[in-house]
Amino acid sequence: MLNRHFSIYLVSYILSAAMGFFAVTAYTRLLTPAEYGVYVVGMSTAGILGAIFFAWIKLSVSRYQAMSAEVDFRGTAMAGFALTVLAMCAASPLVFLFRSDVSVELVLASMFVAIMSNGFDVGQEFERAKFRPFRFAAISMVRSVASVGFGLLGIWLGWGGMGLLAAFGLGSLTGVILNLVSDRARVASFSRSQFMQLARYGLPLTLAGLSVAVYSASDRLIVAYLLGKDSAGIFGVAADLPRQFMVMIATSVAAATVPMVFRSLSERGTTRERLTESFELLLVVVAPVAVWLALAADQVTGTLVGVDFRGGVAALLPTLVLARFFGIANQFYVQLSFQLAERPFMLAAQSFLTLVVSVALMFTMVAGYGIYGAALATLATEVIGFVVAVVLMHRAHPVPFDVVSLAGVAASATAMAAAILLARSQVHGTGIAALIIVSVAGGLAYVAVTWLLNVANVRTLSLRILRTFNRKALGV
């Protein structure tokens, strides 16, 4: 079940990531860095609004709906979402009391994106918690295609970065509508006891979600403040590339494994085994992407990124990839400890500390080292955040770190790195041909070593599939 669900989620996120990379490639060729910077700032603001107002609903649904398959939380979640939208609409105008120079259009666009994207995410959390990966994948693809289509239309109409914000909101709205009409089961009515259960667990996580969102957006906002929108646009693209590849794939692992981990709480003795499977699967699919992005940065940016962005993005990418790797290990594995132990305040404390460290390092290092200082500050922050999470984990629900799994993934990644470096030394240029050669060389080396060492049971599963195929071919 785990491998089947993961495969579906992986295909879904790969297709969504492919659409995202097509969008980045098109947008960076059709927009200036300043126009793209408007989009980056708007999306960052929407992320902060989503964390403040909506994170509690998403995190509560992902935990309790997965644990209780026979209980329907949808009616309660919808009521909570509607109340939250009203609260956000009432509170957002307060920003003009502190900054009168803020663009009204940008604030409204960010609010629209926050409402639509979080409505979409809540609906997808129900699909994931109820183990419906096919519907999850179909709705995700519709949202991705619709967002890119609306985005290209917005650019054609001359709306620039504001057009991209409107496009993402409309694409998410398309996904929300599809989610509502595709589930014909009767929605349970609002339950006060359910609402209190979700609120007790989720509202303390608002601080954690806010800290994560501000941290995710603060680097770009600080770069924009200190260096201008052009630099923010370049840094935003460099940060988006690891997110599109690495975080998308990590999310596909979490989509398959996290509900099973929560469900295992009711099955004695299986939680540790599920956690080990989750961590090994997370590493084996994220590590090769990280190595590829870091060591083939010139080829990746030369093919996928516009001319005005290439030099800056290629210089920042290796550092930001390493930072993202630590962030993924923290967010998608270590922090599960706090959720399993129902210790939301511990997660909030760790996230808030990471935010404080990030802001302090960003201002210091951007002022001293420019845009590359922002990448170094991001790396240092992710490492510190990971270490703090591991220390706190022992006071919550300790999660296992299997040394054999770590060694196997490390050996495979080392072989891939050597193959990429060798291929780079033999090819010239940074076009599509060079990217294909470098990618194929590194991918084959990684797959070969992973299969030989049977990392994540790759060899066992592949031989089992081969035997099944041969039996069917022979009519057995």
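This chain uses plain numbering: 1 for the first residue, then up along the sequence.
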task: Let me see the working for Phe401 and Tyr333 under side-chain contact (heavy atoms from CB on, under 4.5 Å), right down to the final yes or no.
output: CA-CA 10 Å; Phe401 288 91; Tyr333 186 65; 4.1 Å; yes
If you measure from [atom1] on [X] to [atom2] on [Y], what distance do you get to the nearest 0.5 Å?
| X | Y | atom1 | atom2 | value |
| --- | --- | --- | --- | --- |
| Leu226 | Leu221 | CG | CG | 11.0 Å |
| Asn330 | Thr354 | CG | OG1 | 6.5 Å |
| Ile328 | Arg243 | CD1 | CZ | 11.5 Å |
| Asn118 | Gln124 | CG | CD | 12.5 Å |
| Tyr225 | Ser218 | OH | OG | 14.5 Å |
| Ile48 | Met43 | CD1 | CE | 12.0 Å |

query: Hey, mind stepping through Phe279 and Leu406 against side-chain contact (heavy atoms from CB on, under 4.5 Å) and telling me if it holds?
result: CA-CA 9 Å; Phe279 188 48; Leu406 291 172; 3.7 Å; yes
Test log, rule side-chain contact (heavy atoms from CB on, under 4.5 Å), inputs Val261 and Leu275: CA-CA 7 Å; Val261 170; Leu275 285 168; 4.0 Å; yes
message: Would you say the rings of Phe325 and Phe386 are close, in the sense that their centroids are separated by under 6.0 Å?
response: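 Ring-ring flag for Phe386/Phe325: false, centres at least 6.0 Å apart.
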- prompt: Looking at the rings of Trp292 and Phe245, which for Trp means the six-membered one, are their centres under 6.0 Å apart?
  reply: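 Aromatic pair counts; centres sit under 6.0 Å.
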Within-4.5 Å side-chain heavy-atom neighbours: [X] and [Y]:
| X | Y | value |
| --- | --- | --- |
| Phe332 | Val253 | no |
| Leu241 | Leu317 | yes |
| Met362 | Val223 | yes |
| Gln197 | Phe73 | yes |
| Leu152 | Leu30 | yes |
| Gln350 | Val334 | no |
| Leu322 | Phe326 | yes |
| Thr319 | Thr378 | no |

Nearest heavy atoms of [X] and [Y], plus distance in Å:
| X | Y | value |
| --- | --- | --- |
| Met246 | Val321 | CE-O, 3.7 Å |
| Trp56 | Leu198 | CE3-O, 4.1 Å |
| Ala109 | Met162 | CB-CE, 3.8 Å |
| Gly42 | Leu106 | CA-CD1, 3.9 Å |
| Ala232 | Arg220 | CB-O, 3.9 Å |
| Leu31 | Gly160 | CD2-CA, 3.9 Å |

Atom [atom1] of [X] with >12 non-hydrogen neighbours under 6.0 angstrom:
| X | atom1 | result |
| --- | --- | --- |
| Arg395 | CZ | no |
| Phe345 | CZ | no |
| Tyr201 | OH | yes |
| Phe190 | CZ | yes |

Hey, does the side chain of [X] reach the backbone of [Y] with a donor-acceptor pair shorter than 3.5 angstrom?
| X | Y | result |
| --- | --- | --- |
| Tyr39 | Tyr27 | no |
| Thr174 | Leu170 | yes |
| Gln339 | Leu336 | no |
| Thr76 | Ser191 | yes |
| Ser462 | Arg459 | yes |
| Glu280 | Ala456 | yes |
| Ser337 | His397 | yes |
| Ser278 | Arg274 | no |

Just checking, is any N or O donor in the side chain of [X] or [Y] under 3.5 Å from an acceptor N or O on the other one?
| X | Y | result |
| --- | --- | --- |
| Ser412 | Thr450 | yes |
| Arg143 | Ser172 | yes |
| Ser358 | Asp219 | no |

message: Taking side chain to side chain contact (heavy atoms under 4.5 Å, CB included) as the criterion, tell me which of Ile177, Leu178, Asn179 meets it with Val142.
response: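 Answer after filtering Ile177, Leu178, Asn179: Leu178.
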message: Looking at Asp402 and Arg272, is any side-chain nitrogen of the basic one under 4.0 Å from a carboxylate oxygen of the acidic one?
response: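 A salt bridge is absent here (no side-chain N lies under 4.0 Å from a carboxylate O).
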field: Arg135/Glu127 salt bridge by N-O under 4.0 Å criterion
entry: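 A salt bridge is present here (some side-chain N lies under 4.0 Å from a carboxylate O).
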Member of Phe54, Phe120, Phe53 meeting the ring pair (Phe, Tyr, Trp, His ring centres under 6.0 Å) criterion with Phe81: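 The single option meeting the ring pair (Phe, Tyr, Trp, His ring centres under 6.0 Å) with Phe81 is Phe54.
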field: Residue pair Phe136, Arg132: steps toward the side-chain contact (heavy atoms from CB on, under 4.5 Å) verdict
entry: CA-CA 6 Å; Phe136 180 100; Arg132 296 192 292 218; over 6 Å; no
